[in-house]
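What follows is a short report on a single structure.
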Amino acid sequence: GENVEQHPSTLSVQEGDSAVIKCTYSDSASNYFPWYKQELGKRPQLIIDIRSNVGEKKDQRIAVTLNKTAKHFSLHITETQPEDSAVYFCAASMGRKLIFGQGTELSVKP
Amino acid sequence: NAGVMQNPRHLVRRRGQEARLRCSPMKGHSHVYWYRQLPEEGLKFMVYLQKENIIDESGMPKERFSAEFPKEGPSILRIQQVVRGDSAAYFCASSRETGEALHFGNGTRLTVT
């Protein structure tokens, strides 16, 4: 079936530490993998995305890696700051739509 | 460039009433998606539409739910005879082409009393 598994569901780190969130997907035809950040009561916002022809992409403190063989991808946030606290969602393209993971609530403690 | 516009932001309905949620995509976007988010849960795909066409409705409940995206005007998600379990945040998103990033609206928070 169409499924994206995301782990962990909650993650607590100290300010300045790194945070890693992992996702696996079921459809080997998936070729687009975005990550969204959602603050409480607000809309999901795209923070980074990667396509299947690329293994890694970086944007300042955020990086995403993709392993197509294993069908998993990860979000890495370095030098975390309190404003990084939010729920993060991974997604994978399946057919002509995006299927989202269950979300990871990241808490960065000052 | 205005983003995805959804209205109303909050909607309260009694059981058995109808709910109509509206979404205007970003300028230049012709692909509209509706997602439902229950409290502390992920985004569940409901339906994908292009102008005047439903492309994928595999996530829509078989009864009481319908969606449209007419040639003129916003996309509408319609829920008939609402029940308490329909209480959720409903997000609309749009994209310029398939396989591109989705831009989300601020959502409509439906409460069924």
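Just so we're clear, the structure is a prediction, and the values are computed from it rather than from any experiment. In what follows, chains are A, B, ... by sequence order, proteins preceding strands, each numbered from 1.
With a threshold of 4.5 angstrom between heavy atoms, A:Gln38 approaches chain B through side-chain atoms but not through N, CA, C or O. Heavy atoms of B:Glu97 lying under 4.5 Å from chain A are absent altogether. Heavy atoms closer than 4.5 Å to chain B are found in the backbone of A:Lys42, but not in its side chain. Within the 4.5 angstrom heavy-atom criterion, only side-chain atoms of A:Leu46, from C-beta onward, approach chain B. For B:Ser58, the part lying under 4.5 angstrom from a heavy atom of chain A is the side chain only.
Taking a 6.0 Å sphere around CD of A:Gln81, one finds it holds more than 12 heavy atoms contributed by other residues, nucleotides or ligands. Counting heavy atoms of neighbouring residues, nucleotides and ligands inside a 6.0 Å radius, atom CZ of A:Arg61 exceeds 12 of them. In this structure, A:Glu83 places its CD atom where more than 12 heavy-atom neighbours from other residues, nucleotides or ligands lie under 6.0 Å away. More than 12 heavy atoms of other residues, nucleotides or ligands shown are found within 6.0 angstrom of CE on B:Met60. Crowding of A:Lys22 atom NZ: a count of heavy atoms from other residues, nucleotides or ligands under 6.0 Å not exceeding 12. More than 12 non-hydrogen atoms from other residues, nucleotides or ligands lie less than 6.0 angstrom from CD of A:Glu5. Applying the 6.0 Å contact sphere to CZ of B:Arg14 captures no more than 12 heavy atoms from other residues, nucleotides or ligands.
A:Arg43 is not listed as a side-chain neighbour of B:Gln6, based on a closest heavy-atom distance of 4.5 Å or more.
Interatomic distance, B:Ile55 CD1 to A:Arg96 CZ, rounded to the nearest 0.5 Å: 5.5 Å.
Linking ILVMFWY side-chain heavy atoms closer than 4.5 Å, directly or via other members, places A:Phe100 and A:Leu11 in a single hydrophobic cluster. Cluster annotation: B:Met46 and B:Tyr48 are assigned to distinct hydrophobic clusters (Ile/Leu/Val/Met/Phe/Trp/Tyr, side-chain heavy-atom contacts under 4.5 Å, transitive). Follow the hydrophobic side-chain contacts under 4.5 Å out from A:Tyr36 and you never reach A:Val20; the two are in separate clusters. Under a hydrophobic clustering in which Ile, Leu, Val, Met, Phe, Trp and Tyr are joined whenever their side-chain heavy atoms come within less than 4.5 Å, directly or via other members, B:Leu11 and B:Val4 fall into different clusters. Residues B:Leu21 and B:Leu43 do not share a hydrophobic cluster, clusters being chains of Ile/Leu/Val/Met/Phe/Trp/Tyr side chains in contact below 4.5 Å.
In this structure B:Phe45 satisfies the ring-ring contact (aromatic ring centres under 6.0 Å, His included) test together with B:Tyr35, sequence neighbours excluded.
Per-residue counts of heavy-atom pairs under 4.5 Å with chain B were compared for A:Arg51, A:Glu105, A:Gln6, A:Glu2; the largest is that of A:Arg51. Interface summary for chain B: among A:Gly41, A:Pro34, A:Ser9, A:Pro44, the most heavy-atom pairs under 4.5 angstrom belong to A:Pro44.
Taking all atoms of both residues into account, the shortest heavy-atom contact from A:Lys97 to B:Tyr33 is CA-CE2, 4.2 Å.
Of residues 99-113 of chain B, those residues lying under 4.5 Å from chain A by any heavy-atom pair are B:Gly99, B:Glu100, B:Ala101, B:Leu102, B:Phe104, B:Gly105, B:Asn106, B:Arg109. Within residues 66-80 of chain B, no residue has a heavy atom under 4.5 Å from a heavy atom of chain A.
Applying the disulfide bond (SG atoms under 2.5 Å apart) test to every pair with at least one member in residues 20-110 of chain A, sequence neighbours left out, gives these pairs: A:Cys23-A:Cys90.
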